[in-house]
Protein chains: 2
Amino acid sequence: MLNSYSSADKVLLAVDCIIFGFDNQGLKILLIKRDFEPEKGKWSLIGGFLKRDEVLDNAAIRILNTYTGLNDIYMEQLYAYSEIDRDPVERTISVSYYALINIENHNAEMIKNYHAQWFSIAEAPDLIFDHNEMLQHAIRRLRYRTSIKPIGFELLPEKFTMRQLLELYEAILSKELDKRNFISKINSLEILNKLDEKDMQSSRKGSYLYTFNKEKYEEKLLNDFVLNL
Amino acid sequence: MLNSYSSADKVLLAVDCIIFGFDNQGLKILLIKRDFEPEKGKWSLIGGFLKRDEVLDNAAIRILNTYTGLNDIYMEQLYAYSEIDRDPVERTISVSYYALINIENHNAEMIKNYHAQWFSIAEAPDLIFDHNEMLQHAIRRLRYRTSIKPIGFELLPEKFTMRQLLELYEAILSKELDKRNFISKINSLEILNKLDEKDMQSSRKGSYLYTFNKEKYEEKLLNDFVLNL
DNA sequence: TTTATTAATGTAGTTTTTACACTTAAATAA
DNA sequence: TTATTTAAGTGTAAAAACTACATTAATAAA
């Protein structure tokens, strides 16, 4: 029995991660300053090469973990980029993944060590290779996903206020949402737990904190519900 | 300057195509009977390997053309599959593409020569490797896409009746649609041209033929319209 | 000319979405 | 202690979208 397709050409496979985060200043992305050639000193997505005995999903997880120390992160494969000269060093096909993380939780030390930095989506610098295209593609997919299932919870701290949730969605969709309509829509989904606890940072009155109810959410997902914001 | 990432592992990259077609018996898929090992004699998606100086999109186009003789076909990249042993011969990552074609137009000769065959979606045989998964994934994506933009026109002959269009959508979405509501929704999109010509095959009265108005469609696409069927 | 067959067409009831403004709670300052 | 300030919390009416549904029209064949 055959044990190789000897005539076919092999190529390098890279994985690039578009890492989204959110804080009170809006939607952000994690970029790294390259400290090697080519394009040394320019900003880039976080990436690496697929290893011989590694599955793409695991490569993405490994790369994310290397730079942020995080595990158990929501990631989704996006697209394979294959322009001949996309990487000037050598023919490389790159599969992109996007991740959503809570900015508060990651390991700030590690990020510093790698010269990584958070940028507002709107103020992201020019990136190497085809990484600008990857980023735009990821933003589009994030918007899309968000309008279908309420994926964005991954970007918030465990306990959050309705205002935070609202602002997250406004940041992702980059449009203003009506506060009352938003709250009643979210409530009608019945995927949040309202706590007795209040957040007293943002106002004198204080605002109730919520947690995301993953069980109820999974249950709902089966009937592929649509969230129309 | 660096001219290779010498430490990294190279892999084989395959492209597999999920080719959808439609005729008056419903939604179909084009499969090929493998005439080489491994899995000789089993059914498989149509595929091939990426060449050294080829972009993935072109590989998909080349493969589709090889088996059907068709050009200028709607294709969309779907997903990269990378399980370690997905191909028992050798580590291979496969990027899937799906295509929509009009069954009437393809080269029936070529298909015969390659032992390729059309199967109803519902009656597709068991496939090699992870091709079943690819197929299911593609069906899901096709449904999804269809519910967002009226992609399905690619599957019909140039001139078609409202009934054909309705049946196509019913086949893709695998649910019954209300004829009147469907027609008025399609009409409200204003992306069809109603011809003076009638199709007299299906009834005594005859039914008007339509063509798809690509210009108007592109125009609409800019305001990312949603088609809710 | 009657019959049979599929095409074509409109509306009323229901549900969903949108737009919109005042009251409440609590801390701080007077 | 009272007044002031700040953001939180809440409901409704109008508009739009969606759903369900049945009759008439055109033509070919008998």
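The figures here come from the full heavy-atom set of this structure, side chains too, leaving out hydrogens, waters and symmetry mates. Below, chain A is the first sequence line, B the second, and so on; all start at residue 1.
Here the straight-line distance linking atom CD of A:E76 with atom CG of A:D57 works out to 10.5 Å at 0.5 Å rounding. Taking CZ of A:F153 as the start and OH of A:Y217 as the end, the distance is 8.0 Å to the nearest 0.5 Å.
Of the residues in residues 202-213 of chain B, those lying under 4.0 Å from DNA chain C by heavy-atom distance are B:S202, B:S203, B:R204, B:K205, B:G206, B:S207, B:Y208.
Taking only side-chain atoms of B:D178, from C-beta outward, the nucleotide of D:dA28, D:dC21, C:dC20 with the closest atom is D:dC21. Of the candidates D:dA26, D:dT19, D:dA7, the closest approach to any side-chain atom of B:K185 belongs to D:dT19.
Nucleotide D:dT10 holds its C1' atom 10 Å from the NZ atom of A:K194, rounded to whole Å. The nearest whole Å value for the distance from the CG atom in A:N187 to the C1' atom in D:dG11 is 13 Å. To the nearest angstrom, P of D:dA17 lies 12 Å from CG of B:L189. The CG-P distance, from A:L165 to D:dG9, rounds to 13 Å in whole Å. To the nearest angstrom, P of C:dA26 lies 16 Å from CD of A:Q201. Rounded to whole Å, atom P of C:dA8 lies 16 Å from atom CG of B:N181. Put simply, CE on A:M162 is 11 Å from C1' on D:dG9, counting in whole angstrom units. Rounded to an integer number of Å, the gap from A:E176 CD to C:dA19 P is 12 Å.
For B:F22 and B:F20, the ring centers sit 6.0 Å or farther from each other.
Contact annotation: side chain of A:R180 to base of C:dA21, donor-acceptor pair present below 3.5 Å.
Ring orientation note: the planes of A:F182 and A:Y169 are tilted relative to one another, at an angle of 30° to 60°. Aromatic ring pairs are classed by plane angle as parallel below 30°, tilted from 30° to 60° and perpendicular above 60°; the pair B:H137 and B:Y81 is perpendicular.
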